[in-house]
Amino acid sequence: QEQLVESGGGLVQAGGSLRLSCVASTRTLDNYAMSWFRQAPGKEREFVSGITWTGGDATYADTVKGRFTVSREKNGNTLYLQMNNLRPGDTAAYYCAARSYNRVSSFPEEYECWGQGTQVSVFS
């Protein structure tokens, strides 16, 4: 069973930056897609960004496009989310997720494995 462990969350002032990391336990992620989702209290889980492991094709939600960058370290099985120009509306628990299919999906139910989440809080 795949295991995902996120880190890097924290408290930051609006306009600041954070970088989230997600380490996968599996030895190979070829033909996987991995994504970041977030969930604020009282709201549904929403897609933030995703990337295909083999090709590195990235997808972003409109709300984060131009501010967030997703990347992966293939040899280290690590997924990153660089978040710049953070806003209070970005406050949420952030989760990484993996699916054994080489295409990013924005639907959480299409992911097979999830991390435990890391909290990001942005104050103005």
Side-chain angles (χ1 to χ4, degrees):
Q1 177 73 23
E2 178 71 59
Q3 289 188 341
L4 305 175
V5 179
E6 303 102 331
S7 62
L11 178 66
V12 64
Q13 191 170 17
S17 298
L18 285 173
R19 188 175 83 154
L20 305 183
S21 300
C22 172
V23 179
S25 64
T26 192
R27 293 185 178 182
T28 177
L29 291 167
D30 290 345
N31 298 316
Y32 272 68
M34 292 189 70
S35 292
W36 291 96
F37 288 78
R38 65 187 182 186
Q39 188 167 19
K43 295 188 177 181
E44 294 186 351
R45 191 165 296 190
E46 65 173 358
F47 174 79
V48 175
S49 181
I51 191 167
T52 58
W53 203 259
T54 302
D57 299 316
T59 305
Y60 298 92
D62 289 342
T63 52
V64 305
K65 201 171 293 184
R67 299 188 298 124
F68 291 10
T69 302
V70 65
S71 62
R72 85 267 193 251
E73 180 186 337
K74 293 182 70 175
N75 292 336
N77 284 1
T78 304
L79 177 73
Y80 299 102
L81 184 68
Q82 177 67 42
M83 305 186 294
N84 297 329
N85 192 20
L86 282 160
R87 305 166 180 168
D90 296 317
T91 295
Y94 282 70
Y95 299 88
C96 68
R99 66 188 301 234
S100 54
Y101 189 68
N102 195 31
R103 181 175 295 176
V104 173
S105 170
S106 61
F107 299 101
E109 60 269 24
E110 294 188 357
Y111 288 79
E112 301 145 22
C113 186
W114 292 82
Q116 82 288 350
T118 186
Q119 179 67 35
V120 172
S121 299
V122 185
F123 63 95
S124 58

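These numbers come from a predicted model, not from an experiment.
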Requested in this report: Describe, in one word, how the ring planes of Tyr94 and Phe68 are oriented to each other, choosing from parallel (under 30°), tilted (30 to 60°) and perpendicular (over 60°).
Outcome: tilted
Report task. Measure across Thr54 and Asp30 and return the closest heavy-atom pair with its distance rounded to 0.1 Å. Result -> OG1-CA, 3.7 Å
Query raised in the report: In Å, rounded to the nearest 0.5 Å, how long is the span from CZ of Arg99 to OG1 of Thr52?
Result: 11.5 Å
Requested in this report: Go through the steps for Tyr95 and Glu6 under the test side-chain hydrogen bond (donor to acceptor under 3.5 Å, both in side chains), then give the verdict.
Outcome: CA-CA 7 Å; Tyr95 299 88; Glu6 303 102 331; over 6 Å; no
**Report entry** Pairwise distance CZ(Arg45) to CZ(Arg38) - rounded to 0.5 angstrom
**Finding:** 13.0 Å
Query raised in the report: Would the number of heavy atoms belonging to other residues, nucleotides or ligands and lying under 6.0 Å from OH of Tyr101 be above 12?
Result: no
Report task. Give the cluster check for Leu20 versus Tyr32: same hydrophobic cluster or not, with ILVMFWY residues linked at side-chain heavy-atom distances below 4.5 Å. Result -> yes
Query raised in the report: Taking side chain as C-beta onward, heavy atoms only, is Trp36 less than 4.5 Å from Met83?
Result: no
Query - CZ-OG distance between Arg72 and Ser21, expressed to the nearest 0.5 angstrom - result: 15.0 Å
Query raised in the report: Are any non-hydrogen side-chain atoms of Thr69 and Tyr60 less than 4.5 angstrom apart?
Result: yes
Query - Side-chain touch Thr91/Gln119, heavy atoms, less than 4.5 angstrom - result: yes
**Report entry** Side chain proximity check, Asn77 to Leu29, heavy atoms < 4.5 angstrom
**Finding:** yes
Report summary line: On a heavy-atom basis, the closest approach of Ser124 and Pro88 is CB-CG, 4.0 Å
Report task. Identify whether Trp114 and Val104 are in the same connected component of the hydrophobic contact network (ILVMFWY, side-chain heavy atoms under 4.5 Å). Result -> yes
Report summary line: side-chain contact (heavy atoms from CB on, under 4.5 Å) with Leu81: of Ile51, Leu18, Val48, only one passes, and it is Val48
Query raised in the report: Mind checking whether Leu4 and Met34 have side chains closer than 4.5 Å, heavy atoms only?
Result: yes
Query raised in the report: Are any side-chain N or O atoms of Thr78 and backbone N or O atoms of Cys22, one a donor and one an acceptor, separated by less than 3.5 Å?
Result: no
Requested in this report: State yes or no: do Leu86 and Val64 share one hydrophobic cluster built from I, L, V, M, F, W and Y residues joined by side-chain heavy-atom distances below 4.5 Å, directly or via other members?
Outcome: yes
Query raised in the report: Cut-off 3.5 Å, side chains only: do Ser71 and Gln82 have a donor facing an acceptor?
Result: no
Query raised in the report: Closest heavy-atom contact between Thr118 and Gly8?
Result: OG1-N, 4.2 Å
Query raised in the report: Between Asp90 and Arg87, is there a salt bridge with N-O shorter than 4.0 Å?
Result: no
Query raised in the report: Closest heavy-atom contact between Ser35 and Tyr111?
Result: OG-OH, 2.7 Å
Query raised in the report: Would you find more than 12 non-hydrogen atoms of other residues, nucleotides or ligands less than 6.0 Å from Glu109 atom CD?
Result: yes
